[in-house]
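Written below as structure tokens is the structure these notes are about.
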Protein chains: 2
Amino acid sequence: MTERKPRKDAVRNRAATLAAADALFAGCRSPEEVTMADIAAAAGVGKGTLFRAFGDRTGLIRALYEARLEPIRKAVEAGPPPLGPATPPLQRVPALLDAVLTFKLDNRHLALALEGTGDDSPYRAEHYERWHALLRDLLARIPGLTGSDFTAHALLAATRADLVEHLAGHKGVPREDLRRQLAGFTATILAAARAPATMD
Amino acid sequence: MTERKPRKDAVRNRAATLAAADALFAGCRSPEEVTMADIAAAAGVGKGTLFRAFGDRTGLIRALYEARLEPIRKAVEAGPPPLGPATPPLQRVPALLDAVLTFKLDNRHLALALEGTGDDSPYRAEHYERWHALLRDLLARIPGLTGSDFTAHALLAATRADLVEHLAGHKGVPREDLRRQLAGFTATILAAARAPATMD
DNA sequence: TTGCAATGCGGACCCGGGGTCCGTATCGTC
DNA sequence: GACGATACGGACCCCGGGTCCGCATTGCAA
């Protein structure tokens with residue numbers, strides 16, 4: 001009912017804008033130095049068009065981000081192990097976190113831009129909710145683990161875009177090292193499930 | 001040599017500005033809606049004075065933040081246990097993290113404002129470096145724990161201002177609950193030191 | 001007390017970027 | 001080919017961070 005098929009030039013412009021924005025963000029040190037006018041110009045489009053299509057800056061970035069995230073989302077929702085739903089929690093949790101980390105490594109600019117919008121916290125984004133809920137439920141199914149809700153938040157916090165950027169970008173930690181570190185950290189927590197903590 | 005004693009009105013204005021800024025940040029939902037002009041007006045001071053005293057917006061916020069942080073810093077550097085240097089790592093690490101969390105709970109507005117400046121990541125701030133180095137060294141002294149550097153980052157990430165705000169502010173998690181959750185999480189990691197993870 | 005640098009004050013001003021508006025061009029249909 | 005609906009684009013507005021410079025205060029010295 002509220003479904004109006006969009007005009008052809010609209011879709012083309014939308015695609016052009018996304019491509020241009022992606023390129024610009026990828027080629028800049030800080031997402032802040034990419035202005036909306038830049039993107040419009042690079043896409044060969046007027047600013048009005050850009051704002052009509054995405055609402056505002058955050059909308060544009062979010063659209064880019066989710067487009068990139070799509071394959072991973074699918075792999076998680078209905079893919080083969082170790083990411084897919086048929087995997088037991090003890091293997092799936094590390095796989096999920098590694099997927100998130102890998103994604104942020106591959107899309108540093110986007111993740112940074114998204115978290116850096118500043119209008120509201122990244123925790124209100126729906127994709128964060130999804131990741132968190134999934135992780136929490138998996139953790140809850142692991143016997144011996146308590147505080148799955150907070151633990152899920154904490155694990156995801158270890159993959160925050162600016163932390164990844166700081167370690168991989170600024171400090172020069174190699175990709176595989178970072179993955180190993182996160183895997184080790186995750187394993188530490190999961191291992192504790194079998195030898196429950198005594199808060200002495 | 002480069003030490004010039006400041007004029008009296010300068011110190012008074014500086015103090016007035018800090019007080020006004022603190023009050024304004026405390027009374028607003030989002031730090032973004034407090035403008036420099038607002039602060040200047042509330043302090044009964046011109047914008048020029050404000051920028052002369054603190055350099056820029058980040059400088060002001062940082063000054064506020066560090067002033068508030070001072071007592072904790074001292075307690076950590078040369079205070080009694082469990083925060084002081086005489087405490088063995090297994091007790092001091094949880095104490096430190098709880099202190100950080102408590103501080104952020106008590107100064108949500110400041111912490112949010114500081115992380116939200118957006119000009120560069122919170123990981124470049126010197127106080128972050130201090131916390132991280134201290135935590136890392138403590139963790140390194142715990143036998144059986146590996147990856148102390150990353151673990152320190154991850155633990156601190158669990159106390160990020162916007163996460164705290166999301167849980168305590170938006171989701172309404174009570175203060176004591178949050179502290180317990182973080183304590184539990186920390187304990188989980190420390191406990192794993194005695195029963196090392198087998199990354200099967 | 002008065003003179004005189006030096007230091008600080010303040011608010012008018014600038015600038016750059018996000019977001020809007022509306023006359024005009026394009027699309028798609030009849 | 002014509003005409004309503006839809007989208008375009010860039011001039012325009014607004015607002016906030018940061019600057020500048022003529023003027024006031026301070027503090028030292030005579």
Side-chain angles (χ1 to χ4, degrees), chain A residues 1-21 24-25 28-64 109 112-120, chain B residues 1-21 24-25 28-64 109 112-120:
Chain A
M1 20 203 73
T2 57
E3 282 304 299
R4 277 248 145 64
K5 66 165 74 175
R7 251 166 56 173
K8 242 187 299 182
D9 49 355
V11 248
R12 188 191 41 227
N13 281 330
R14 183 183 170 93
T17 303
L18 283 173
L24 284 186
F25 278 125
C28 277
R29 286 298 160 209
S30 166
E32 313 257 323
E33 63 196 35
V34 177
T35 114
M36 293 287 109
D38 290 342
I39 298 176
V45 150
K47 277 179 64 178
T49 303
L50 192 155
F51 280 97
R52 162 176 299 266
F54 299 100
D56 59 1
R57 183 172 229 264
T58 306
L60 205 203
I61 296 171
R62 187 175 304 168
L64 263 178
H109 35 112
L112 274 179
L114 189 58
E115 289 191 12
T117 47
D119 52 349
D120 51 45
Chain B
M1 21 207 76
T2 59
E3 282 302 303
R4 275 254 145 63
K5 65 167 73 173
R7 254 167 51 173
K8 243 187 298 184
D9 50 353
V11 250
R12 190 190 41 229
N13 281 332
R14 184 184 168 94
T17 303
L18 283 172
L24 284 185
F25 278 126
C28 275
R29 287 299 160 207
S30 166
E32 313 256 323
E33 64 197 33
V34 176
T35 119
M36 291 291 109
D38 290 343
I39 297 176
V45 150
K47 277 178 65 179
T49 303
L50 193 153
F51 280 97
R52 163 176 297 264
F54 299 100
D56 59 1
R57 182 173 229 264
T58 305
L60 208 203
I61 297 172
R62 188 175 303 166
L64 263 177
H109 35 113
L112 275 178
L114 189 59
E115 287 192 12
T117 47
D119 52 347
D120 51 44

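Per chain, numbering begins at 1; letters A, B, ... match sequence-line order. Since we're looking at a predicted model, the values are computed, not measured.
- Between N13(A) and the phosphate of dA7(D), there is no side-chain N or O to OP1/OP2 separation shorter than 4.0 Å.
- T35(A) comes within 4.0 angstrom of the backbone, heavy atoms only, and of no base.
- In this structure the side chain of I61(B) reaches within 4.5 angstrom of the side chain of F25(B), judged on heavy atoms.
- The CZ-P distance, from R7(A) to dG9(D), rounds to 11 Å in whole Å.
- For A37(A) and G48(A), each mapped to the nucleotide of DNA chain C holding its nearest heavy atom, the one lying further toward the 5' end belongs to A37(A).
- Between the CZ atom of F54(A) and the P atom of dA7(D) there is a distance of 13 Å, given to the nearest Å.
- Distance L50(B) CG to dC20(D) P: 17 Å, rounded to the nearest Å.
- Between I39(A) and M36(A), the closest side-chain pair of non-hydrogen atoms falls below 4.5 Å.
- Within the 4.5 Å cutoff, side-chain heavy atoms of L60(B) are placed close to those of L18(B).
- A donor-acceptor contact under 3.5 angstrom links the side-chain atoms of K47(B) to the base of dG18(D).
- The nearest whole Å value for the distance from the CZ atom in R12(A) to the P atom in dC8(D) is 9 Å.
- Side chain of F51(B), nearest nucleotide from dG18(D), dC8(D), dT25(D): dG18(D).
- Closest-nucleotide positions on DNA chain D for K8(B) and A53(A) were compared, and the one nearer the 5' end corresponds to A53(A).
- Here the C1' atom of nucleotide dG18(C) and the CG atom of D38(A) are 12 Å apart, to the nearest Å.
- Residue D56(B) contributes atom CG, which lies 14 Å from atom C1' of dG16(D) at whole-angstrom precision.
- Note that CG of L114(B) is 11.0 Å distant from CZ of R57(B), once rounded to the nearest 0.5 Å.
- Close to dG10(C), at under 4.0 Å from its OP1 or OP2, lies a side-chain N or O of T49(B).
- Counting to the nearest Å, the P atom of dA5(D) and the CG atom of D9(A) are 17 Å from each other.
- The nearest heavy atom of DNA chain D to G46(A) and to R57(B) marks one nucleotide each, and the one closer to the 5' end goes with G46(A).
- We find that CZ of R52(B) is positioned 13 Å from C1' of dT25(D), with the value rounded to whole Å.
- R14(A) has its side chain within reach of F54(A): a pair of non-hydrogen atoms, C-beta onward, lies under 4.5 Å apart.
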